[in-house]
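If you read the sequence from its start, that first residue is 1, and numbering goes on from there. Computation of the quantities below employed the complete heavy-atom set of this structure, encompassing side-chain atoms and omitting hydrogens, waters and symmetry-equivalent molecules. What you see is a predicted model, and the numbers here were worked out from it, not measured in a lab.
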Amino acid sequence: MASDKVSIRRLVEICRQKGIRHIVFSPGSRNAPLTITFNAFPEFKCYTITDERSAAFFALGIAQRLREPVVICCTSGTAALNYAPAIAEAYYQGVPLLVITADRPVEWKDQGAGQTINQTHIYRNYVVGSYELTQEALHRDDLWRNDLIINEAINRTVSDMPGPVHINVPLREPLYDQVQAADENVRIISAEKVLKTLSSGQAERLRNTWRRSEKKMMLVGLRPPVNGLAKDIDMLIDKSGLVVVTETTSNLACEKTFPCIDRLITTIPEDSEDAYAPDLLITFGGPIVSKKIKALLRRMSPDQHWHIDPSGIHLDTFQSLTEVISMDPERFVSLLNSWE
């Protein structure tokens, strides 16, 4: 059986057809239509964790491991606020979460109704997309709009800038009425990723900088494991003499890199820092944990700092950024190997 609310059935069907498989619920009354309908389909693996904070971190772990969107779903009111710590973590790590918050009817906001707060754009600073479905949609145009929102929301979780996306779902009572579960006739919208590459002129300019830079350093921050990248980096080190420093959170198990950043820095005499300053610094991945390397590179101020990220984010941690290269780091490392 599934909820009698057509928008909920269509939301679940779109999730099903787009390959979402893991749903983490925190029980409540307002999200009952979602709980009933997701559980009606054997393709979904549904988990129940009462505490929202714990539930969201549990889902974050699944999404980190699988690198695919995981749904978290809670009832209305302050329950939604308890998702915030895990959502913030997912945002800064680029982890795909689909956050579905059930909400009280829009007309009861700010009218003293229980478990009713303003949930619209509640996570605005920590999501890559924020949406609200049309309440109790029945008209063809309202259903079209809701379907479009759901497709876009799921697509954005795994875009060039992946991360959590929020869908707020206002619902009126009754909440437990059901109909026979069946496939809904929904339209699926795909978002194709474009393979980004450098023009011949761009590649030539960067290659010239690479070759004339005598002291080159690569620093890798937080990122998920990627098969084959460690081998390519070790190969690049052999070819070029590149110094590669990795955070533990980089998930890079290379043979020839320096994984213990702070221990490495303690071997550099303060009066000889200039001798170790890189001409070219290449970074990719997320935040750098080590305070020592951040302070050191800010003092060294490399002549060139390239940050590699397909989203084109301008991450200027060391106040020396000169190039933002919108490519997958794996492809860029392969390109560097081709220059040697």
Side-chain angles (χ1 to χ4, degrees), residues 94 159-162 192-247 249-259 261 264-265 268 273-288 290 293-294 296-340:
S159 65
D160 282 343
M161 185 176 281
E192 301 299 334
K193 287 188 176 181
V194 177
L195 190 63
K196 296 181 179 179
T197 188
L198 297 172
S199 70
S200 57
Q202 291 170 325
E204 179 68 20
R205 180 174 58 82
L206 293 174
R207 181 169 60 244
N208 289 339
T209 301
W210 167 264
R211 288 178 173 172
R212 69 169 176 262
S213 299
E214 294 183 4
K215 293 182 291 182
K216 297 183 280 282
M217 174 187 286
M218 180 179 286
L219 175 59
V220 187
L222 183 152
R223 64 193 320 269
V226 176
N227 290 335
L229 180 58
K231 182 179 178 181
D232 287 346
I233 288 177
D234 280 335
M235 186 188 307
L236 183 61
I237 292 170
D238 284 339
K239 289 179 177 180
S240 67
L242 175 72
V243 172
V244 180
V245 183
T246 59
E247 283 283 11
T249 53
S250 69
N251 287 297
L252 271 176
C254 301
E255 294 181 3
K256 300 170 183 178
T257 62
F258 294 94
I261 296 177
L264 174 66
I265 291 174
I268 300 176
E273 284 183 357
D274 289 346
Y276 293 87
D279 303 318
L280 170 61
L281 171 67
I282 299 173
T283 59
F284 60 89
I288 301 296
S290 170
I293 193 71
K294 285 184 280 194
L296 180 65
L297 287 172
R298 286 169 190 162
R299 290 196 302 271
M300 288 178 168
S301 189
D303 293 335
Q304 291 283 319
H305 173 197
W306 302 349
H307 186 67
I308 320 302
D309 193 289
S311 71
I313 188 171
H314 288 50
L315 199 63
D316 194 13
T317 305
F318 313 106
Q319 299 177 314
S320 58
L321 188 66
T322 56
E323 294 278 353
V324 176
I325 301 173
S326 299
M327 289 180 66
D328 288 321
E330 297 76 32
R331 293 189 67 239
F332 190 74
V333 170
S334 294
L335 183 64
L336 292 177
N337 269 307
S338 74
W339 292 349
E340 291 295 332

So, do [X] and [Y] sit near enough that their side-chain heavy atoms are less than 4.5 Å apart?
{"X": "Ile265", "Y": "Ile293", "answer": "yes"}
{"X": "Ser334", "Y": "Asp232", "answer": "yes"}
{"X": "Ile261", "Y": "Leu219", "answer": "yes"}
{"X": "Leu206", "Y": "Leu335", "answer": "no"}
{"X": "Tyr276", "Y": "Met300", "answer": "yes"}
{"X": "Val220", "Y": "Phe284", "answer": "yes"}
{"X": "Leu296", "Y": "Ile268", "answer": "yes"}
{"X": "Leu252", "Y": "Ile233", "answer": "yes"}

Is there a donor-acceptor contact under 3.5 Å from the side chain of [X] to the main chain of [Y]?
{"X": "Glu247", "Y": "Ser290", "value": "yes"}
{"X": "Thr257", "Y": "Pro259", "value": "no"}
{"X": "Lys294", "Y": "Thr317", "value": "no"}
{"X": "His305", "Y": "Asp303", "value": "no"}

Sequence-distant partners of His307, ring-ring contact (aromatic ring centres under 6.0 Å, His included), two or more places apart: none
Residues in ring-ring contact (aromatic ring centres under 6.0 Å, His included) contact with Phe332, at least two apart in sequence or another chain: none
Using the salt bridge (charged side-chain N to carboxylate O under 4.0 Å, His left out) criterion, which residues pair with [X]? Sequence neighbours excluded.
{"X": "Arg298", "answer": "none"}
{"X": "Asp238", "answer": "Lys256"}
{"X": "Glu204", "answer": "Arg207"}

All side chain to side chain contact (heavy atoms under 4.5 Å, CB included) counterparts of [X], not counting sequence neighbours:
{"X": "Lys239", "value": "Met235, Asn337, Glu340"}
{"X": "Asp160", "value": "Lys193, Lys196"}
{"X": "Leu242", "value": "Trp210, Lys216, Met218, Leu236, Ser240, Val244"}
{"X": "Thr209", "value": "Arg212, Ser213, Gln304, Trp306"}

Closest non-hydrogen atom pair, Asp234 against Cys254: OD1-CB, 3.5 Å
Partners meeting side-chain hydrogen bond (donor to acceptor under 3.5 Å, both in side chains) with Ser200 (sequence neighbours left out): none
Partner set under side-chain hydrogen bond (donor to acceptor under 3.5 Å, both in side chains) for Ser326, not counting sequence neighbours: none
Sequence neighbours excluded - salt bridge (Lys or Arg N to Asp or Glu O under 4.0 Å) pairs with any residue from residues 320-335: Arg205-Glu323, Arg223-Glu330
Leu198 and Ile325: CA distance, side-chain angles, deciding distance, side chain to side chain contact (heavy atoms under 4.5 Å, CB included) verdict: CA-CA 9 Å; Leu198 297 172; Ile325 301 173; 4.2 Å; yes
